[in-house]
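Below: one structure, written as structure tokens.
Chain A is the first sequence line, chain B the second, and so forth, proteins listed ahead of strands; every chain is numbered from 1. The shown structure was predicted, so the numbers you read here are calculated from the model rather than taken from an experiment.
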Protein chains: 2
Amino acid sequence: MAQSLPKDQSTEQRILHAAKTVFYRKGLGGARMEEIAREAGINKALLHYYFRNKEQLFERIFLEAFEQLLPQMTAILAQDLPLEQKVQQISDFYNEMLLETPLLPVFVLNYVQSDPEALTKRMISVNASKLMSHLTEQLAQETKAGRIRDVAPQQLIINLLALCVFPYAMKPIVTRLFHMSEDDFRGFSESRKQVVPEVIMAYLKP
Amino acid sequence: MAQSLPKDQSTEQRILHAAKTVFYRKGLGGARMEEIAREAGINKALLHYYFRNKEQLFERIFLEAFEQLLPQMTAILAQDLPLEQKVQQISDFYNEMLLETPLLPVFVLNYVQSDPEALTKRMISVNASKLMSHLTEQLAQETKAGRIRDVAPQQLIINLLALCVFPYAMKPIVTRLFHMSEDDFRGFSESRKQVVPEVIMAYLKP
DNA sequence: GTCTATAATTTGATAGAC
DNA sequence: GTCTATCAAATTATAGAC
């Protein structure tokens, strides 16, 4: 615990940061403990001293990543706000977060796809029942008031998530396809903040 | 299971099919040659007899997968058709193809993300210049004619691809989130064929 | 073409000194 | 807490018989 460096990160913190870097890029199967250790500036033995094994270290990284993906959207949707504001908040949140962590979506999706029990064994219940009923009710009200047309809540959620997340999942392809520099992509990301709500609200327009 | 069937697939075909199954699910790093051999009903030695090493086998699978992702859309967009029909064709194509091969998107995206040179070293030029100029012109015409509003071609392409592909990239999460059976998901996929063009055309509406 | 057996590496994990 | 050295298991790849 007693770390000599006052302002520097603790060894555990550096390990977690290194693990994130390597796991995000290579996945569980492709990542090497050796590489994580090197990235953290230590050796394998010390890595195993902090985290008994690879699985345990991965678990830590994966859960934190997953938490940033779905729950954030459900949290915003659960608020008591006009629909349009929710959509804007979600768009802002994802586009800002994923500009900083563009590897996160594919990292999560890849592991979920590779391990059929990735979600079940962690009781990631994705407690959507309450959320869905809340959203369904809000949509019904807005529809009744004639402010939006009648659409399925599931389709809305999927569309919203797709428009927010997918551009980052394909970042390497997007940048190559459109000959974007890192700066270009930042501008693109910024523009998505407006485009996503535009698309969603146009879709909802009566 | 002796494979003495005359019209049955050749050994090479069965290997490729097995490799697809395993690579799609586990990725390059997570896949085991042993598992591919078992899936193909042969042993490792014979696997190496047909494909010298893992990389070479993977290359074959990856390139075929990538070809199904982007080029199909560009091919449809390059046709001489009204915009709305193109969008519908693209929606139909992806939703039908990905219902059968839902693991494909994450497989491709994961490898592209894991290897920074995945695209460059294969001169996957993604020759979009010609496509982009063609699409840009069509959008300009439709805009001038007052049939659609003025939107950036890049945003349109990304939106279209996101709406088509992302639901399958998140299939495990979607099914869990909405408590869908395989049959439910088939219905969901079918409904996407209409939803995607609805969203896109609403976005384009003046 | 297909197999068994085995070589050659890689890699996750541990032992033990400091 | 951190390191060096090393083990044990897993995994890719090859040799050689049939």
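Rounded to an integer number of Å, the gap from CD of A:Q9 to P of D:dG1 is 16 Å. The separation between B:N53 atom CG and D:dT11 atom C1' is 14 Å, rounded to whole Å. Distance B:F51 CZ to C:dG1 C1': 14 Å, rounded to the nearest Å. A straight line from CG of B:N43 to P of C:dC3 spans 5 Å, rounded to a whole angstrom. With rounding to whole Å, B:R38 atom CZ is found 14 Å from D:dA10 atom C1'. Atom CZ of B:R14 and atom P of C:dT2 are 8 Å apart (whole Å). What separates CE of B:M33 from P of D:dT14 is a distance of 10 Å, to the nearest Å. Atom pair B:L47:CG and D:dT11:P shows a separation of 15 Å (rounding to whole Å applied).
By the 4.0 Å N-to-carboxylate-O rule, B:E39 lies too far from B:R25 to be salt-bridged with it.
Under a 3.5 Å cut-off, the side chain of A:E67 and the backbone N or O of A:F62 do not form any donor-acceptor pair. Using a distance-only test at 3.5 Å, with no hydrogens or angles considered, a donor-acceptor pair links the side chain of B:N95 to the main chain of B:S91.
When each of D:dT2, C:dT4, D:dT12 is scored by its nearest atom to the side-chain atoms of B:A45, the top-ranked nucleotide is C:dT4. Of all nucleotides listed (D:dT11, C:dA13, C:dC3), D:dT11 comes nearest to the side chain of B:R32. The listed nucleotides are D:dT2, D:dA15, C:dG12; the one nearest the side chain of A:H48 is C:dG12. The nucleotide whose nearest atom lies closest to any side-chain atom of B:K44 is, among D:dT12, C:dC3, C:dA13, D:dT12.
Note on A:A31: only backbone sugar-phosphate atoms sit closer than 4.0 angstrom, heavy atoms only; bases stay farther off. Among the atoms of the strands shown, base atoms are found under 4.0 Å from some heavy atom of B:Y49.
Aromatic ring centres of B:Y111 and B:F58 lie closer together than 6.0 Å.
Of the side-chain N and O atoms in A:T11, none sit less than 4.0 angstrom from OP1 or OP2 of D:dG1.
Taking a 6.0 Å sphere around NE2 of B:H48, one finds it holds more than 12 heavy atoms contributed by other residues, nucleotides or ligands.
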